[in-house]
Amino acid sequence: MRFALLPPDRAADEVERELLAQWDEEKLFETSLAARAGAPRWVFFEGPPTANGKPGIHHVFARTIKDLFCRHRAMKGFRVDRKAGWDTHGLPVEIEVEKSLGISGKQDIERVGVGEFNRLCRESVFRYREDWEKLSGRIGFWLDYERAYVTYSNSYVESVWWALSMLHAKEFLYQGYKILPYCPRCGTALSSHEVAQGYEDVEDPSVYLQLPLKEAGKTGERRILVWTTTPWTLVSNAALAVSPKLTYAELRKKSGAEWTVILAEARVPAVMGADWADRWDVVDRMPGTALAGARYQRPLDWVTFESGAREIVVTADFVSAEDGTGVVHLAPAFGADDYAAGQQYDLAFVQPVNARGEFPADLPLVGGMFVKAADPVIIEELKRRGMLWKDGRFTHSYPHCWRCKTPLLYYARSSWFVRTTAFKDQMLARNATVNWNPSEVGAGRFGSWLENNIDWAISRDRYWGTPLPVWVCDADSAHRDVIGSFAHLAVKTGHALGADFDPHKPHIDTYTWACTACDGTMRRVSEVIDTWFDSGSMPFAQWHFPFEHREEFARQYPADFIAEGVDQTRGWFYSLLAIATGLGDALHPEGVRRKVSADRHAATYDDYHAGSHHSGEPRTGEPRTGESRTGEPRTGESRTGESRTGEPRSGEHESGGHRAPAAAEPYRAVVVNDLVLDANGQKMSKTRGNTVDPWRVIERHGADAVRLFLVASSQVWVPRRFDEQVIRETAGRFLVTLKNIYSGIFAQYANFGWSPSAADPAVADRPLLDRWVLSRLAAAEATVDAELQRFDATAASRALMDFVTEDVANWYVRLSRGRFYDVDAADNRAAFATLHEVLTVVSRLLAPFAPFVSDWIHRSLTGTSVHLADFTRGATERDVPLEAAMAEVRVLANLGRAAREEAGIKVRQPLARLVCVAVDAQQTLLDELVPLLASELNVKVVEFLGSADSLVSLEAKANFRALGKKWGKETPQAAQAVNTLSSTTLRAFERGEPVHLTVGGHSHALDADDLVVVRKASGALVVSQDGMRFAAIDPTLTDALKREGLARELVSRVQRFRKESGLQVSDRIALWVVGPAVLHAAVEAHRAWICDETLTLTLQVRETAGPDIPSGTTADLDGVPVSLALEKVS
RNA sequence: GGGCCAUUAGCUCAGGUGGUUAGAGCGCACGCCUGAUAAGCGUGAGGUCCGAGGUUCAAGUCCUCGAUGGCCCA
């Protein structure tokens, strides 16, 4: 058996590409799935990326996290199917197509034609999908791209329709109004991103009104002051709002007017002037709540109210004392706060403005005018009516249309909603059982946001999206059909849909039918739905549930794991939860199965499902009895999930056909990742030009290093800086070390004739160092596994990297190097077998993080792919006392080196003895490890002392934790007393003699807990200490030691010379050494050893050079001049 | 304006339940090794723990206020 070599300087990119080709050829992903076909499932949901742009480095990040945990659980023995998915609808796609066509805005799209436009949208999605698949593949993200779900596909759309129809059946779907920023010129509502682009500072009117309060028979004696910057909305004024938290003042002019004015006390100076007290008397003060319910006279009476409360003062939390008068005018059609208050108090709703932003022609004075242009007219009219207090101008930041710069109007638009507020408590309960990583996102950001949940506006007045399956009668809009399947649509229209049926606009809008309740015609509403509803439907829509694959859905719901960026908090994380909770039992596999079996002969799902729609009566798809259960959080095992996710579940879940009641949360664990920033901590953006091209980075460092860096550099849920320099220094460096150990130490020498065999000693028979590293390996294995189990990839990767660099490279390999130069000795076979085991297990542990190099090494070591291996071995035993003893030895070695450094004696110079004091380790083990310590520190003898008394004097250090309990406020004095205890007293105390402390009249016996005894060096040896551990070297250099040191210097120099002369490591030589007598003595004393080390067959030492010696080199060996010459002999 | 997160050595980050010498890696300085060699190892110097108050015998850690940066939402 030969082990392939992997030179560390071989380009990672090249190696990885070769592996990708090999995986492809072997169908390794499919093979790995097949190997777990019968295993318990661990379900992953792929949050579908929007395929409307090239993937960036932050996508590599998110996808690494997804892949990593899926790989880990798969290696742990679960079946982890990974179905890819693509989010294909929505405004981003439309904008991309608008750009490519060089058009902008709805009118342009209509001109191009909705059919053509949507065709281009569909094509555009395909283009980017390829980019995504390529990059995902390159970074080793294993996903089933062949069977990806695509949100625009007919089957997906049909499942979404089903969900909407079920929500409708549960009376969760309704039509209402939503206040949207709207451009009257473009005739379109703007998304929040568009609004954010268009803020500009503008000057607007600043108008104060005095509105008379209507009180029993004396209207106008008290007036309330109101401020607005949009006079045109006063036409629709329905109510006034005051703050329940503010105090309001009622003022009367000192000059003795008959009327008073009311405004927030805190606003008086700002509104009335700093010197207001000179002119006004405060006649009354009252809380805002006292004003609630008061009636007032509205400023303008041009429109008539149809229904709802009007001309009334209400309280609202959004009213502040920041500006204005603390009294806010409410026009529910023209502001989000206003609308919300309107809903809360059932206020009258009037919207006398058309789509072009104009008042109707029949209004007095302002009829037909653009609203903004009507402002001066309205101010003039208010003045005429005596309702104007004062007017002025006001500069503020106001949103404008980013296309045409027209100021936006906040506008009530008809919109469709899902009544999420109806099941908010259930969402909260479900959320509470989710294992969020980090937990604060679930409890804080997401949880507190859910608390303030408002109904989900799901309709969009756009083109490329899942059409809202609502048909409304053109004669009476109360007559509605919500279509839940294509079959249902066929039934409605009376004929089959045809093979080329496309549920998208504009085709779908050609389907109409006669209203069953009147003479009207049922026509589809124009809207499409929010793409978040699409993606939030993926748990069932990816399976075309409930029309197909019901069993599959049951097995793959809910998800054990999802992972996305923190920006998905209000996106996918929410839409998954909201839809699953709203659907409730409709997602219950048992419920569906019962239904199906009861109607086994039904030709289509819709056949049995129909009827609920024909009647027009809402009905629940499933029995209501289970409802109360749905909101209950799971108890017991839910939070840590250990019992569920720790080990593969037994088959019982499978045999049941489903895994859990669908009433559970749609995902059990979430890993949230934060942004990838540039090297300077700046957010990456195209406009800043600091984006990172993932392809170029991968080419330079390899996907392994990039993945490892992204995960290991800091917790994934804090923003991380992306710095290529740092990749090289951390992940890159680690991988180089690993390859060095594999190729430079293991494979290179194993190829002289070692391969695993029965000749290898059993573990128990191997040297302590081997047993130690195997024990550490078991520890690392357990740690990495446990950290991944709890979704901490950062801690896992760091533990693994630390093990490899510290324990394997820096200790085991370094101390064992000599054992790898010869494959025959039993001791050496043990070393090879041990390192083989270590490297094999390390590659498995590394596989989720760095799937390429780990596979490469694992294949070379074992002949099989790491991705078909088990993550952990069975029971492995640790030798904890041995680990403790070795830890002790390593500390002592460091101390010894520090002592050498202090004494100024290099390691190559042998010393007579090292004197140590160790703690926490068995002396027998330490004795066995002495040869390692002696060789590491190059000393002849290592002695252990039971105490350091002979090396040190004792001092006490107070232990505040213990003293604090006893002494309270006198702790510092007591500590001081402890710290001044004499060395003699402390020795007595350590022997068990009682010691009392007296401080401030109190006296307590000293307990062992109360102090730590510290040893300070004293004496002739050079002592180094760390806590209770000591290492002391004897710096005395005898002539014999000096000779040995010189011999070592010589060997070192000869070795270098051999190399400089171009010799092979196995070449035998003849050697001439010319130097003074002292060198002569050293060589003669260690002749055999020198010859052995340098493979010298004949060694001649002289004091002077001669003509018979070949030319060579000269050197200085610690002040001893030497000339060397050598010749290759064989 | 609200919510959440972060702020610890030049850089990147660790620092359960408060306990007195605040750690690691990288970088840097000095040195070692020269059969992992465009590798490997050691020793060392680096810190008012963002600031101000407070609680406590004791605060990087708990509380309050503030600053800066980031994200999300208005």
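Just so we're on the same page: letters track the sequence lines, and every chain starts at 1. For the numbers below, each heavy atom of this structure counts, side chains included, while hydrogens, waters and symmetry mates do not.
A straight line from CD1 of A:Ile1069 to P of B:G35 spans 13 Å, rounded to a whole angstrom. The distance from atom CZ of A:Arg733 to atom C1' of B:C41 is 12 Å, rounded to the nearest whole Å. Whole-Å rounding puts the A:Phe722 CZ to B:G70 C1' distance at 19 Å. Put simply, CZ on A:Phe446 is 13 Å from P on B:C73, counting in whole angstrom units. A:Glu729 places its CD atom 9 Å from the P atom of B:C26, with the value rounded to the nearest Å. If you measure from atom CZ of A:Arg897 to atom C1' of B:G42, you get 6 Å, rounded to the nearest angstrom. Atom CZ in A:Arg728 sits about 16 Å away from atom P in B:C26, given to the nearest Å. The separation between A:Asp802 atom CG and B:G23 atom P is 17 Å, rounded to whole Å.
When ring centroids are compared, A:Phe446 and A:Phe573 stay outside the 6.0 Å threshold.
Side-chain contact annotation: A:Arg814 with A:Asn810, donor-acceptor N/O pair under 3.5 Å present. Side-chain N/O atoms of A:Asp530 and A:Trp456 include a donor and acceptor closer than 3.5 Å.
Atom CG of A:Leu5 sits in a crowded spot, with more than 12 heavy atoms from other residues, nucleotides or ligands closer than 6.0 Å. The local environment of CD in A:Gln1064 is sparse, with at most 12 non-hydrogen atoms from other residues, nucleotides or ligands closer than 6.0 Å. A:Tyr821 OH: more than 12 foreign heavy atoms inside a 6.0 Å radius.
Residues A:Asp807 and A:Tyr812 form no side-chain contact, since every pair of their non-hydrogen atoms from C-beta on lies 4.5 Å or further apart.
Comparing B:G60 with B:U20, their P atoms sit 10 Å apart, to the nearest whole Å. Separation of the C1' atoms belonging to B:U61 and B:A14 is 14 Å when rounded to the nearest angstrom. Comparing B:G66 with B:G1, their P atoms are spaced 11 Å from each other, to the whole Å. When the C1' atom is compared between B:G40 and B:C4, the two are found 45 Å apart, to the nearest whole Å. Here the separation of B:A67 from B:A52, taken at their P atoms, is 15 Å to the nearest Å. A distance of about 36 Å separates the C1' atoms of B:U17 and B:G44, rounded to the whole Å. Distance check on atom C1': B:G46 versus B:U12 gives 16 Å, rounded to whole Å. B:C65 sits 43 Å from B:G27 when the P atoms are compared, rounded to a whole Å.
Remark on RNA chain B: of its neighbouring residues A:Val441 and A:Thr805, the 5'-side contact belongs to A:Val441, judged by nearest-heavy-atom nucleotide. Residues A:Ala898 and A:Trp449 each lie close to RNA chain B; by heavy-atom proximity, the contact nearer the 5' end of the strand is made by A:Ala898.
In this structure, A:His836 contributes its side chain and A:Leu861 its backbone to a donor-acceptor pair below 3.5 Å. Judged by distance alone, with hydrogens and angles left aside, the side-chain atoms of A:Arg908 form no donor-acceptor pair with the main-chain N or O of A:Glu1049 at under 3.5 Å. Looking only at distances, a side-chain donor or acceptor of A:Arg1058 sits under 3.5 Å from a matching main-chain atom of A:Asp1067. With A:Ser714 contributing its side chain and A:Arg720 its backbone, the two residues share no donor-acceptor pair below 3.5 Å.
In textbook terms, a nucleotide whose glycosidic angle is within 90° of 0 is syn, while B:G27, being further out, is anti.
Among the heavy atoms of the strands lying under 4.0 Å from A:Asn810 are primed sugar atoms or P, OP1, OP2 only; no base atom is included. Across all strands, A:Ala336 comes closer than 4.0 Å to no nucleic acid atom at all (heavy-atom distances). No contact: A:Val736 has no heavy atom under 4.0 Å from any strand.
Remark: RNA chain B forms stems of 3 or more consecutive Watson-Crick or G-U wobble pairs, all pair distances under 3.5 Å, at B:1-7 with B:67-73, B:10-13 with B:23-26, B:28-32 with B:40-44, B:50-54 with B:62-66.
Side-chain N/O atoms of A:Thr730 include none lying less than 4.0 angstrom from OP1 or OP2 on B:G25. Taking only side-chain nitrogens and oxygens, A:Asn894 never comes nearer than 4.0 Å to OP1 or OP2 of B:C41. Taking 4.0 angstrom as the limit, A:Tyr821 places a side-chain polar atom (N or O) nearer than this to OP1 or OP2 of B:A36.
A:Trp754 and A:Phe832 have parallel rings, their planes meeting at less than 30° on a 0 to 90° scale where 60° marks the start of perpendicular.
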Give me, pair by pair, the N or O atoms of the protein and of nucleotides 30-34 of chain B that are less than 3.5 Å apart, along with how far apart they are.
from	atom 1	to	atom 2	distance (Å)
B:C33	OP1	A:Arg908	NE	2.4
B:C33	OP1	A:Arg908	NH1	2.8
B:C33	OP1	A:Arg908	NH2	2.7
B:C33	OP2	A:Arg908	NH2	2.7
B:U34	OP2	A:Arg908	NH1	3.3
B:U34	OP2	A:Ser1052	OG	3.1

N/O contacts under 3.5 Å, protein versus nucleotides 5-12 of chain B?
from	atom 1	to	atom 2	distance (Å)
B:U12	OP1	A:Arg721	NH1	2.8

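Ion pairing between A:Asp792 and A:Arg798 fails under the 4.0 Å rule for side-chain N and carboxylate O. For the pair A:Arg1048 and A:Glu1093, the salt-bridge criterion is not met [side-chain N within less than 4.0 Å of a carboxylate O].
Taking only side-chain atoms of A:Gln715, from C-beta outward, the nucleotide of B:A14, B:U37, B:G27 with the closest atom is B:A14.
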